[in-house]
Amino acid sequence: MDLSLLASLFPYSVWECWWLAPLALLLDLRLGDPRLPWPHPVCLVGRLLARLEGPARRRMTSGDPSGEKRRGRLAGLACLLLLAGVTGLAAWLLVSPPLLGFLPAVYLAWAGLAMGSLLETGGEVLREVETRPEAPARKALSRLVSRDTSRMDRPLLRKTLADTLSENFTDALLAPFFWLLLAGPVGLWMYKAVSTTDSMWGYLTERWRWLGWAGARADDCLAFIPARLSVAALRLTDVLVRRLRPAARVWDGRWPGFRTVARQAAGMPSPNSGWSMTACAWLCRARMAGPSVYFGALVDKPWLGPPKDRAAPWDRARLLALCALMRYSAVCGGLALWLVCLAFRMLR
């Protein structure tokens, strides 16, 4: 395909606009989510998806019950394609006008990254866990995770917070930043439409098993490379901080090697979630994952990180170290990926 056609379909990618991705990364890490008078774009995407549920569910349940699986998957796929198409078209209409398109491009690029808001929310939940009674602490954590928090004690609350922070290193930053570089705000928000579908519908429950199938599989595919790049970003950060600013290395774990990370991550039910979790668990010298309760059912996940006899418990200091590791990795990993893309651009 002609590169000029790709540029017209996906404007402001790194191939034609070198400054947008690092600017969006800086805005996200410094300011968090944009706080403006209109709804956040991901809320609008979620509202549209919620409106599609009714027609999709009616289509799934119409006809012979034996065909519900096929109809549900097809209905979910149709909703996913419609949502991604409408979202991408809306983004393109906003960023394509000459001269005026750069302002919406900056806004959409900034709003599509969520590392700043993830760390901010994680810090708020950590304060609740450390300072409030267990009941309100559980409630605070339940707003951030999908697992059952109703019977968690304080050590498990801390570990669960560490799980969700490290798992979302890919979803909140690496994957959207990857697609922003490659395909600009249009590609970023088409990815966000897929990610939102997976977040809202991608559960293995009776309600969502078939409707959420397409969103979950598409998200697995689009986040496959970013999930593995997250390990490289964390490793690069550990090396650079150790050599250039040793006093800032507040995490005290050791790097186990890429083979160990890959072997442990492969045991997780999701093909992508275990990569950043495993790397963070080893670098913070504390275990993650393990058996967890989702929607009343026990899911037997493997333990990630060092063996139990060499692992430390999650406490406030270790969770703050995890947040520092993720923030440094967002900068180092994001800028490294950006520089690699710029190098390819110069070689074209």
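If you're wondering where the values come from, they're calculated on a predicted model, not measured in any experiment.
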Go through the steps to decide whether Tyr107 and Leu36 satisfy the test side-chain contact (heavy atoms from CB on, under 4.5 Å), and finish with yes or no.
CA-CA 10 Å; Tyr107 170 71; Leu36 297 169; 3.5 Å; yes
Under the criterion salt bridge (charged side-chain N to carboxylate O under 4.0 Å, His left out), I'd like the reasoning laid out for Arg35 against Glu120: C-alpha separation, chi angles, the key distance, then a yes or no.
CA-CA 14 Å; Arg35 292 174 175 86; Glu120 180 182 348; 3.2 Å; yes
Before you tell me yes or no, could you show the steps for Trp282 and Leu304 under side-chain contact (heavy atoms from CB on, under 4.5 Å), namely the whole-Å CA-CA distance, both residues' side-chain angles and the distance that decides it to 0.1 Å?
CA-CA 8 Å; Trp282 278 98; Leu304 305 176; over 6 Å; no
When you look at Arg235 and Val261, which way does the side-chain contact (heavy atoms from CB on, under 4.5 Å) test go after all the steps?
CA-CA 11 Å; Arg235 174 55 173 158; Val261 172; over 6 Å; no
Which is it for Leu27 and Val106 under the side-chain contact (heavy atoms from CB on, under 4.5 Å) test, yes or no, and what are the steps along the way?
CA-CA 9 Å; Leu27 290 171; Val106 170; 4.0 Å; yes
Does Glu53 form a salt bridge (charged side-chain N to carboxylate O under 4.0 Å, His left out) with Arg207? I'd like the steps, not just the answer.
CA-CA 11 Å; Glu53 180 189 350; Arg207 181 180 180 185; 2.9 Å; yes
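In this structure a side-chain-to-backbone donor-acceptor pair under 3.5 Å is missing from His40 to Pro34. Ser230 places a side-chain N or O within donor-acceptor distance of the main-chain N or O of Ala227, the cut-off being under 3.5 Å. Of the possible polar contacts, none joining the Asp33 side chain to the Ser117 backbone as a donor-acceptor pair under 3.5 Å is found. When atom types are taken as modelled, the side chain of Gln264 and the backbone of Gly274 share no donor-acceptor pair closer than 3.5 angstrom. Judged by distance alone, with hydrogens and angles left aside, the side-chain atoms of Lys159 form a donor-acceptor pair with the main-chain N or O of Ala289 at under 3.5 Å. Proximity of a side-chain donor or acceptor of Ser166 to a complementary backbone N or O of Ser276 within less than 3.5 Å is not detected. For Arg51 (side chain) and Arg47 (main-chain N/O), no donor-acceptor pair under 3.5 Å exists by modelled atom type.
Counted within 6.0 Å of CZ on Phe102, heavy atoms from surrounding residues, nucleotides or ligands total 12 or fewer; the atom is thus considered open. The number of heavy-atom neighbours closer than 6.0 Å to CZ of Arg217, taken from other residues, nucleotides and ligands shown, is above 12. Heavy-atom contacts from other residues, nucleotides or ligands closer than 6.0 Å to CG of Leu347 number more than 12. Counted within 6.0 Å of CH2 on Trp19, heavy atoms from surrounding residues, nucleotides or ligands total more than 12; the atom is thus considered enclosed. Around CG of Leu93, the count of heavy atoms belonging to other residues, nucleotides or ligands within 6.0 Å exceeds 12. More than 12 heavy atoms of other shown residues, nucleotides or ligands fall within 6.0 angstrom of atom CZ in Arg345. For CZ of Phe258, the number of neighbouring non-hydrogen atoms (other residues, nucleotides, ligands) closer than 6.0 Å is greater than 12. Around CH2 of Trp110, the count of heavy atoms belonging to other residues, nucleotides or ligands within 6.0 Å exceeds 12.
Hydrophobic clustering, with ILVMFWY side chains joined whenever heavy atoms are under 4.5 angstrom apart, groups Trp15 together with Val340.
Among Arg254, Arg249, Arg243, the one residue that satisfies the side chain to side chain donor-acceptor pair (under 3.5 Å) test with Asp238 is Arg249.
Aromatic ring orientation, Tyr191 versus Trp179: parallel (interplanar angle below 30°, classes split at 30° and 60°).
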